[in-house]
Amino acid sequence: MHLTAEEKADFKQHGVLIRRGLATHDQTKRAVARIDEAYRKDMTADDIPAYSQRTFAPHLGDTAELLALYTQTGAADLATDLLGATTAVTTTQIQIRVPEAEFPGVQQEKAMHVDGVACPHLDSQELRTFSLLVGVVLSDISDPPCGALHYLPGGHLTMARWFDQEWSLGLTDQVPPEIDRERGIPFLGRPGDVLLMHHLVPHTVAQNLMPFPRVMAYFRVSHPDHANRRLEALRNPWLDYPPLAEIPSAPTYQE
């Protein structure tokens, strides 16, 4: 499974690529069954704030049913098409937006951010960045009020300029003011749909106003050299993306 030149050019311009129905019904069903059991039996309201910052059902992160959503759906091949080479993905982040009516005030809307930079729960000097976010839809997200992720197409280019020209390690601002004011576009989909998003694309997550949980499985994918050049990768959005270097039909960082 490979990306077309047009898909690569579109990703370079917008920082986002969506493949519908990439994971099969059986694959999503097995993953949801494991998550639903943990959600109903093991989770309490007190767990939700910490899980929202990291992962729900942390004991499931390395299970076969969850990892298969990346390794056995073609998503890993698409990630390699973008990055050229990747480090092994060994864990899954499970993110659930709980119904506001069931847990009022427990799970607030997230501010615009890029993952692993100036996170409120991390030391401001610490970077936990990666190259590419791969998200697999595990519940119906056809309506924005269900707690959809909102992303800003093309925002990876703005963020790279900001990191290069205005930001320095230790600042607690997660995004520049003009990005902070944005609401972004909701990522809507159905179980099995897959989102590939450049790490630098700023995004937020809304509250879930529907009566059922919104469930996503995320995989943080890195180029093999990323860990040794995290600051450089924040300032140059294509450092971790060698296959996109020669794409002529999409804007480059300098543009």
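Residues take their numbers from the sequence shown, with the count starting at 1.
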Within the 4.5 Å heavy-atom criterion, are Y51 and I96 side-chain neighbours or not? no
Do H199 and T129 meet the criterion of a side-chain donor-acceptor pair at a distance under 3.5 Å? no
Using a 4.5 Å cut-off on heavy atoms from C-beta on, say whether the side chain of L78 contacts that of R19. yes
Which atom pair, heavy atoms only, marks the closest approach of A23 to T28? CB-CG2, 3.9 Å
Take L127 and L169 through the test side-chain contact (heavy atoms from CB on, under 4.5 Å) and record every step on the way to the result. CA-CA 9 Å; L127 293 177; L169 189 62; 3.8 Å; yes
Candidates H223, H14, H156 - the one meeting ring-ring contact (aromatic ring centres under 6.0 Å, His included) with H198: H156
Same cluster or not: are V136 and V201 linked, directly or through other Ile, Leu, Val, Met, Phe, Trp or Tyr residues, by side-chain heavy atoms under 4.5 angstrom apart? no
Tightest non-hydrogen contact, residues M159 and I179, listed as SD-CG1, 4.3 Å
Passing option when R97 is tested against N208, L209, L149 for side chain to side chain contact (heavy atoms under 4.5 Å, CB included): N208
Is any side-chain heavy atom of V98 closer than 4.5 Å to one of Y39? yes
Just so I know, are the side chains of L82 and P243 near enough to count as touching, which here means a heavy-atom distance under 4.5 Å? no
Flag, side chain of R220 to backbone of R128, donor-acceptor distance under 3.5 Å: no
With no hydrogens and no angle check, just 3.5 Å: does a side-chain donor-acceptor pair link T44 and D46? no
Please find the pair of heavy atoms, one from P224 and one from T87, that lie closest to each other, and give the distance. CA-CG2, 3.6 Å
Can a donor-acceptor pair be found, under 3.5 Å and without considering hydrogens, that links the side chain of D193 to the backbone of G21? yes
At what distance, to the nearest 0.5 angstrom, does CG of D42 lie from CZ of F56? 13.0 Å
If we only count heavy atoms from C-beta on, is the T92 to L60 side-chain gap below 4.5 Å? no
On a heavy-atom basis, the closest approach of Y218 and G135 is CD2-CA, 3.5 Å
I need the T73 OG1 to L22 CG distance, nearest 0.5 Å. 4.5 Å
So does S52 get a backbone contact from the side chain of K110, meaning a donor-acceptor N/O pair under 3.5 Å? yes
Same hydrophobic cluster for V32 and F219, using side-chain heavy-atom links shorter than 4.5 Å among ILVMFWY? yes
Do T90 and D62 have side-chain heavy atoms sitting under 4.5 Å apart? no
Determine, stepwise, if the pair R214 / V205 fulfils side-chain contact (heavy atoms from CB on, under 4.5 Å). CA-CA 11 Å; R214 185 230 71 178; V205 189; 3.7 Å; yes
To the nearest 0.5 Å, how far apart are CZ in F187 and CD1 in I18? 5.0 Å
So, taking the atom named CG in L195 and the one named CG in L17, what distance separates them when rounded to the nearest 0.5 Å? 8.5 Å
Should the pair W167 and W162 be assigned to parallel (<30°), tilted (30 to 60°) or perpendicular (>60°) ring geometry? tilted
Pair H203 + H150: ring centers closer than 6.0 Å: no
Flag yes if L133 and L69 sit in one hydrophobic cluster, no otherwise; membership is Ile, Leu, Val, Met, Phe, Trp, Tyr, and two members link when side-chain heavy atoms are under 4.5 Å apart. no
Which of K29, R34, R30 passes side chain to side chain donor-acceptor pair (under 3.5 Å) with E65? It is R34
Between D77 and T80, is any side-chain donor less than 3.5 angstrom from a side-chain acceptor? no
Within a radius of less than 6.0 Å around NE2 of H59, do more than 12 heavy atoms belonging to other residues, nucleotides or ligands occur? yes
Check whether any side-chain heavy atom of L200 sits under 4.5 Å from a side-chain heavy atom of L234, and report yes or no. yes
Could you tell me which non-hydrogen atom of S222 sits nearest to which non-hydrogen atom of L83, and how far apart they are? C-CD1, 4.2 Å
What do the steps show when you test T24 against D26 for side-chain hydrogen bond (donor to acceptor under 3.5 Å, both in side chains), and what is the final call? CA-CA 5 Å; T24 68; D26 286 345; 5.5 Å; no
Verdict with supporting geometry, F163 and V114, side-chain contact (heavy atoms from CB on, under 4.5 Å): CA-CA 11 Å; F163 283 128; V114 297; 3.9 Å; yes
Any side-chain heavy-atom pair from S139 and M216 closer than 4.5 angstrom? no
Is it possible for you to say whether L66 and V194 belong to one hydrophobic cluster, with membership spreading through side-chain heavy-atom contacts below 4.5 Å? yes
Ignoring hydrogens and angles, tell me if any N or O in the side chain of Q207 forms a donor-acceptor pair with the backbone of G147 under 3.5 Å. no
Rounded distance (nearest 0.5 Å) linking atom CD of Q107 with atom CD of E102: 11.0 Å
Taking all heavy atoms of I94 and all of A57, pick out the closest pair and write down the distance. CD1-O, 3.9 Å
With distance as the sole test, does Q27 use its side chain to make a donor-acceptor pair with the main-chain N or O of Q72 at under 3.5 Å? yes
Linked, directly or transitively: I247 and L239 (ILVMFWY side chains, under 4.5 Å): no
Exam field: side chain T4 to backbone E7, donor-acceptor pair closer than 3.5 Å: yes
For V221 and F130, what are the C-alpha separation, side-chain angles and deciding distance, and is it a side-chain contact (heavy atoms from CB on, under 4.5 Å)? CA-CA 6 Å; V221 188; F130 48 94; over 6 Å; no
Output yes when a side-chain donor or acceptor of K12 lies under 3.5 Å from a complementary backbone atom of L244, and no otherwise. yes
Rounded to the nearest 0.5 Å, what's the gap from CZ on R230 to OG on S131? Could you check? 9.0 Å
